[in-house]
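Chain naming here is simple, since letters A, B, ... match the order of the sequence lines and numbering starts at 1 in each.
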Protein chains: 2
Amino acid sequence: MPQQKSSNSLRRITSHEVALRAGVSQSTVSRVFSGDERLSEATRERVLGIARDLGYKPNAIARSLITRRTKIIGLVASYMTNPFFPVVLQAFTQRLHELGWRVLLFTAGTSEDVDELLPEVLAYQVDGLIIVTASLSSQMTREVLQRGTPVVLFNRYAPGSGASAVSCANYEGGRLVAEVLLDAGHKRLAYITGRADTSTNVDRQRGFLERLAERKSHCKIELGNFTYAGGFDAALRLLKSKKRPDAIFCANDITALGALDAARKLGVRVPDELSVIGFDDIPMAQWTAYDLTTVRQPVEEMIEASVELLLERVNNINLGSVLKFLPGTLVRRGSARLQP
Amino acid sequence: MPQQKSSNSLRRITSHEVALRAGVSQSTVSRVFSGDERLSEATRERVLGIARDLGYKPNAIARSLITRRTKIIGLVASYMTNPFFPVVLQAFTQRLHELGWRVLLFTAGTSEDVDELLPEVLAYQVDGLIIVTASLSSQMTREVLQRGTPVVLFNRYAPGSGASAVSCANYEGGRLVAEVLLDAGHKRLAYITGRADTSTNVDRQRGFLERLAERKSHCKIELGNFTYAGGFDAALRLLKSKKRPDAIFCANDITALGALDAARKLGVRVPDELSVIGFDDIPMAQWTAYDLTTVRQPVEEMIEASVELLLERVNNINLGSVLKFLPGTLVRRGSARLQP
DNA sequence: CTGAAAGCGCTTACAG
DNA sequence: CTGAAAGCGCTTACAG
């Protein structure tokens with residue numbers, strides 16, 4: 001097949017050309033595609049037919065300029081190494097697409113990156129912003145909200161920032177884990193932390209410790225940093241210590257998988273000698289090598305709630321901010337010895 | 001803090017307002033931000049200062065309309081359950097951001113979804129398209145290319161479609177695995193397939209089988225579907241059969257992890273009784289529970305090459321399509337008994 | 001039910 | 001070095 005000449009096929013079709021061929025005004029063509037009611041069936045059909053023939057589709061950029069709505073949501077994500085986030089990302093884009101919105105994606109390593117990147121996102125006039133686990137500086141949050149762009153934080157919250165947020169009820173989740181571990185008679189408890197600057201870690205830890213305290217118990221704490229390697233190393237330290245724990249609660253699943261592999265390496269039998277509980281319920285928690293007992297985040301409901309909160313505020317900028325905490329549920333698998 | 005009135009802060013600042021305050025024409029403001037050379041330092045500074053005070057940033061949508069360039073790349077991805085793709089996604093957005101491009105994200109389950117979604121992407125006048133592992137129908141590919149939007153396929157290719165593509169040298173990778181397994185004296189080989197309709201699976205399998213045939217060997221084949229569960233079940237079938245294999249090559253890493261867990265469940269010792277080799281080198285391949293020997297895809301180079309191919313074609317639509325295959329490298333870990 | 005016209009917020013020849 | 005003006009491709013009052 002010879003190299004195809006693209007000279008004429010390159011011309012993007014506009015509503016003017018469709019109008020010309022259909023013998024109507026450009027306004028009429030526009031009305032056909034903007035869902036205007038008052039149009040005779042005849043003209044609508046004719047325009048639609050010609051548009052189809054020509055492969056015409058309205059230019060969303062031009063439409064955005066005049067309507068001052070892009071129908072684009074900016075999605076800022078980080079920590080893609082945690083398998084929880086691809087799942088979340090996928091669910092968000094799926095849901096937003098279903099509702100007719102587009103997603104402009106930003107991934108960031110650090111929160112400074114986010115602050116630098118955000119003006120670029122805003123230049124594209126996104127109608128709203130979803131921040132998945134990346135953290136926004138409170139100053140930037142204020143700026144964004146001030147220009148009338150609603151923000152929803154997912155999996156973290158920042159009270160007083162003006163941003164709405166949807167998160168798992170991490171505090172209650174932490175309490176729940178403390179409860180079931182104590183109920184099952186565990187005596188030497190440990191917690192492997194996530195990043196100290198995240199509300200997820202802070203709340204899970206606080207819930208766990210507070211419930212332990214209420215029941216006159218306590219626990220060792222090791223740093224884990226929300227990573228597999230962090231969990232592995234932390235568990236190694238715990239399991240090699242003189243009074244080895246008989247139960248470890250990990251700040252999230254990926255940490256717990258590391259802890260389980262540490263136990264496996266040391267020959268510590270799970271769950272007979274050691275119970276391990278995580279948080280998230282990522283796909284790997286079900287893998288037979290792990291069979292991880294964990295607190296499941298209600299991802300679907302969290303996504304649904306986030307999108308709803310955001311789109312409400314896109315439509316009505318005057319709505320105040322809302323913090324929403326959805327309860328997690330304990331998923332009992334083989335990595336923890338619990339009462340039935 | 002009382003509810004803040006947003007009535008006036010909601011007005012988006014335009015170049016007109018900046019011009020007014022700076023006592024210059026709107027054209028001049030525009031020139032400051034479009035990097036026009038011929039401007040006195042004095043006016044440039046003054047405009048910049050006022051813009052900063054007002055929080056002005058050019059509206060990218062308006063700019064896109066007039067320049068007919070959005071600086072947006074559409075990224076279509078699927079199979080987010082395979083940990084390889086989040087890594088790729090992250091790397092792509094990072095790289096494109098560095099170069100000043102934005103990413104409009106589309107995730108799709110099936111290829112029919114992609115075909116349906118694509119016109120929506122195109123409505124936003126994306127300057128180029130990267131398709132990560134999702135498959136585009138050849139008809140849709142043709143349409144996209146015809147309107148002058150270059151396409152790069154990542155991790156698959158479609159010769160004759162007109163789309164450029166970057167992929168790992170999967171065929172050679174398959175041959176390499178055959179070679180090292182035979183060299184180490186393995187006698188009973190098996191291959192666990194991925195999805196039959198993907199070039200990655202087809203090429204890895206063909207390379208593996210052809211090299212085996214050249215060395216007068218052959219292998220069993222089981223269906224794995226590129227998933228953990230698929231790998232697990234396939235390996236279970238293989239390992240329970242009368243003539244149990246002593247080496248399994250898996251179409252990708254996630255499949256191989258399933259296979260390793262199947263071996264673990266049956267008490268088959270790795271690598272003494274069984275060698276397992278994967279393809280990709282996902283983060284989990286390093287986990288101590290797996291320590292997977294695998295063919296590493298040169299992700300960084302592949303991303304770099306894809307972005308380069310794409311942007312070249314964005315700048316010059318007349319460039320022909322190019323298929324690029326980058327060699328993978330064997331990463332020797334503990335899951336296979338190989339010669340040093 | 002339909003058209004002419006204004007305008008969204010920019011860039012960029014064209015003059016000077 | 002700078003300004004006035006046209007125009008990117010739409011939507012949407014305003015008339016009729």
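- Ring-plane geometry between Phe106(A) and His97(B) is classed as parallel, the angle between the planes falling under 30 degrees on a 0 to 90 degree scale with a further cut at 60.
- In this structure, the side chain of Arg46(A) does not engage the main chain of Ala42(A) through any donor-acceptor pair within 3.5 Å.
- Atoms CZ (Arg69(B)) and C1' (dC10(C)) sit 17 Å apart, rounded to a whole Å.
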Practice problem: Run the numbers on Lys57(B) and Leu122(A) for side-chain contact (heavy atoms from CB on, under 4.5 Å), then give the verdict. | Solution: CA-CA 9 Å; Lys57(B) 204 159 196 300; Leu122(A) 295 175; over 6 Å; no
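- The shortest non-hydrogen separation linking Leu129(A) to Leu118(A) is CD2-CD1, 4.0 Å.
- Note: CD (Glu37(B)) to C1' (dT2(D)) measures 16 Å, nearest angstrom.
- Using a 4.0 Å cutoff on non-hydrogen atoms, the parts of residues 28-36 of chain A near DNA chain C are Thr28(A), Arg31(A), ordered by number.
- In this structure, the CD atom of Glu17(B) is 14 Å from the C1' atom of dC10(C), given to the nearest Å.
- Atoms CZ (Arg12(B)) and P (dG7(C)) sit 21 Å apart, rounded to a whole Å.
- Here Ser15(B) reaches the OP1 or OP2 of dC10(C): one of its side-chain N or O atoms lies under 4.0 Å away.
- Here dG9(C) presents its P atom at 11 Å from CD of Gln26(B), a figure rounded to the nearest Å.
- Side-chain polar atoms of Glu143(B) and Gln139(B) form a donor-acceptor pair below 3.5 angstrom.
- Side-chain N/O atoms of Ser25(A) and Thr28(A) include a donor and acceptor closer than 3.5 Å.
- Base pairing of dC1(C): its partner is dG16(D), meeting the Watson-Crick or G-U wobble criterion (both donor-acceptor distances under 3.5 Å).
- If you take CD of Glu41(A) and P of dT2(C), they are 10 Å apart, rounded to a whole angstrom.
- Atom CG of Leu20(A) is separated from atom C1' of dG9(D) by 15 Å (rounded to the nearest Å).
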Exercise. Just do the side-chain contact (heavy atoms from CB on, under 4.5 Å) check on Tyr124(A) and Ile72(B) with the steps written out, would you?
Key: CA-CA 10 Å; Tyr124(A) 280 90; Ile72(B) 297 178; 3.8 Å; yes
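- A heavy atom closer than 4.0 Å to some atom of DNA chain C occurs in Leu65(A), Ile66(A), these being the qualifying members of residues 55-67 of chain A.
- Note on Arg68(A): a side-chain N or O is less than 4.0 Å away from OP1 or OP2 of dG9(C).
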Exercise. Could you check Leu105(A) against Leu89(A) for side-chain contact (heavy atoms from CB on, under 4.5 Å), going step by step and ending with a plain yes or no?
Key: CA-CA 9 Å; Leu105(A) 176 67; Leu89(A) 188 63; 3.9 Å; yes
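- Between Ser40(A) and dT2(C) there is a side-chain polar atom (N or O) within less than 4.0 angstrom of OP1 or OP2.
- Residues Lys71(A) and Arg63(A) fail the side-chain proximity criterion, which asks for heavy atoms closer than 4.5 Å.
- A sub-4.0 Å separation between OP1 or OP2 of dC8(D) and a side-chain N or O of Thr14(A) is absent.
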